[in-house]
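Heads up: the structure comes next, in structure tokens.
Chain naming here is simple, since letters A, B, ... match the order of the sequence lines and numbering starts at 1 in each. The figures that follow rest on heavy atoms only: side chains count, while hydrogens, waters and symmetry mates do not.
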Amino acid sequence: MSATDTAEPSTEIDAPSDFIREQIRADLADGTTRQVITRFPPEPNGYLHLGHALSICLNFGAAGEFGGFCNLRFDDTNPTKEEIEFIEAIQRDVTWLGFSWPGEPKFASDNFQQLYDWAEHLIIQGKAYIDDLSPEEIREYRGTLTEPGKPSPWRDRPTEENLDLFRRMKAGEFPDGARVLRAKIDMASGNINLRDPILYRILRATHPRTGDDWCIYPTYDFAHGQCDAIEGVTHSLCTLEFADHRPLYDWLIEQLPVPATPRQYEFAKLLISHTVLSKRRLTRLVTEGHVRGWDDPRMATLSGLRRRGVPAEALRSFVAKLSVSKNEGEVEMAMLEHAIRENLNQAAERRMAVLRPLKVVITNYPEGESETLEAINHPNDPEAGTRQVPFSREIWVERDDFMEDPPRKFFRLGPGREVRLRFAYFITCQDVIKDDAGEVVALHCTYDPATKGGDAPDGRKVKGTIHWVSAADALDAEVRLYNPLYTRADPGAEGDFVDDINPDSLEILTDCKLEPSLAEMAADAPVQFERTGYFIPDPDGTPDAPVYNRTVALRDSWAKAKGKG
RNA sequence: UGGGGCGUAGCCAAGUGGUAAGGCAGCGGGUUUUGAUCCCGCGAUCGCAGGUUCGAUCCCUGCCGCCCCAGCCA
């Protein structure tokens, strides 16, 4: 090395930066940390949702960026709530989001024996005791936010007696709730978590992994930090509500002969307007039948979003736009929708589909004939190529693209009006056919053969271009449109959130007409139905009876202008 | 009236002593065989009040507001 060496080039142009990553950078720089190890620690008592996506991207993302790794660790210390189904779904969702962990997933329950041994260690050190108080008494003795607690009469039990009792708790000699193991810290602390927190409780429930091996289980506080230490986690990232637990986290790490010294850092959880991101509420939506299941496309679960057609990449870019902070704000749903549209705009090929069909007969087009027209698959990406679209005398167009008495700036079909059929011809509406009830049932139009492909040789312009599907060649499909699940931006702000559920959140259209090439598209390929939105096939569909989910509608400045009156 | 955390445009968010990045939304304009995409333009006395300083969003003091904690949940 010489003085002429140039300075370190600044790489990582687009690398995210936030207070967590700054901390990691500093720890790496001063040698506090050699290799970054993080963990994503879900409790398997529900499905992962958008809020978890932030934590997943942070934990796996930051570790990866700095050459470390992130464990997937199930925080399974409460067998009364946890299930195998959730363990499997969570792994599926994390993988789908695009992340992987080294080896097998970790479980807090892998360490039950070690945690138990450490609990005995604490007892022997005189730092923990068995309390015989009932749950109600413990609450009373704990004091309140403004009044200090008072010591349990069992607080100064002899070490030998504590040890004996703890072993007998483990052996199953006492009923559930009869006794607990508590840390002996400070009953007068302003931080209630330090008022002799409970470390172990008696719980006779079959654990999804350890079965009936144990009848005592460690609490979150006793398990989390110690598992971090066992795994060599350097940066234990969690949400703000755990900041009050940090002194306890540190206290336990200090008291026990753990193999490492993990540090906890807290960040604000993600909140999004017009939706609900809490496991308790999501669980209610499922169990009370407000939605069709955990993967209902209206759910803010990762499974629901996946089924709805939201690409994992869009979720990652959404999270990247947010950054990580300690500010407890609420992100507007529009931000998520933007990330989805931005991603799908480049990822999805275009096709034509008529959702609410209206028959158009092209009266001057020869009966019984048809032809094939070339359509581009992606206007911004020539590489996506072209496809052939059949055209014939009878076609379907969108009902919304016709108005019998159109306002001034309506550029679509109306009596006597000429529009362009995308990739096809100019047509002019000559007659409006109605049934006895006065309902418009068909349009009679004429086409201009000279405008084939969509351009008029005489330079004539049309203001509107509409999509269409040849009636004889159309594929029938069901299309599910999703509207916001709630009627307000802050569901539950006044009363029960289920009362804010939008009764029209799911709209099923059963007579949709798709262009035939859609039959050839992959089942997991996102597609844009031109002028309508982004869609994805739903697993409920079959080749003969396809079903599509609308992921998100296209932006619609016409609807907006119209709405303003 | 205990402890912890947070306050920068409608929303998210950089900046941490030298005179306010960026994204979303909104509004206006341009391009366009999707009223899509794309492109251009427009918004802030940095919660309030004092103080230190040549100079403060950034330091100090005092207020105000919001969130979290009294599960043998995590």
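- As judged by a 4.0 angstrom heavy-atom cut-off over every strand, A/Arg341 is placed among residues making no nucleic acid contact.
- For the pair A/Asn327 CG and B/C12 C1', the computed distance is 9 Å after rounding to whole Å.
- Using a cut-off of 4.0 Å between Lys/Arg side-chain N and Asp/Glu carboxylate O, A/Glu266 and A/Lys326 are scored as salt-bridged.
- Relative orientation of the A/His52 and A/Phe40 rings is perpendicular, given thresholds of 30° and 60° on the angle between their planes.
- Looking only at atom types and distance, the side chain of A/Glu313 has a donor-acceptor partner in the side chain of A/Asn343 under 3.5 Å away.
- Side chain A/Gln528 to base B/U34: a donor-acceptor pair is found below 3.5 Å.
- The NZ-P distance, from A/Lys326 to B/A14, rounds to 13 Å in whole Å.
- The aromatic ring of A/Tyr220 does not sit over the base of B/A74; the criterion of centres under 5.5 Å apart with planes under 30° is not met.
- Looking at heavy-atom distances under 4.0 Å, A/His245 makes contact with a base.
- Using a 4.0 Å cut-off between charged side-chain N and carboxylate O, A/Glu140 and A/Arg142 make no salt bridge.
- In this entry the distance linking CD1 of A/Ile130 with C1' of B/C72 reads 12 Å, nearest Å.
- The distance between atom CG of A/Leu270 and atom P of B/A13, rounded to the nearest whole Å, is 10 Å.
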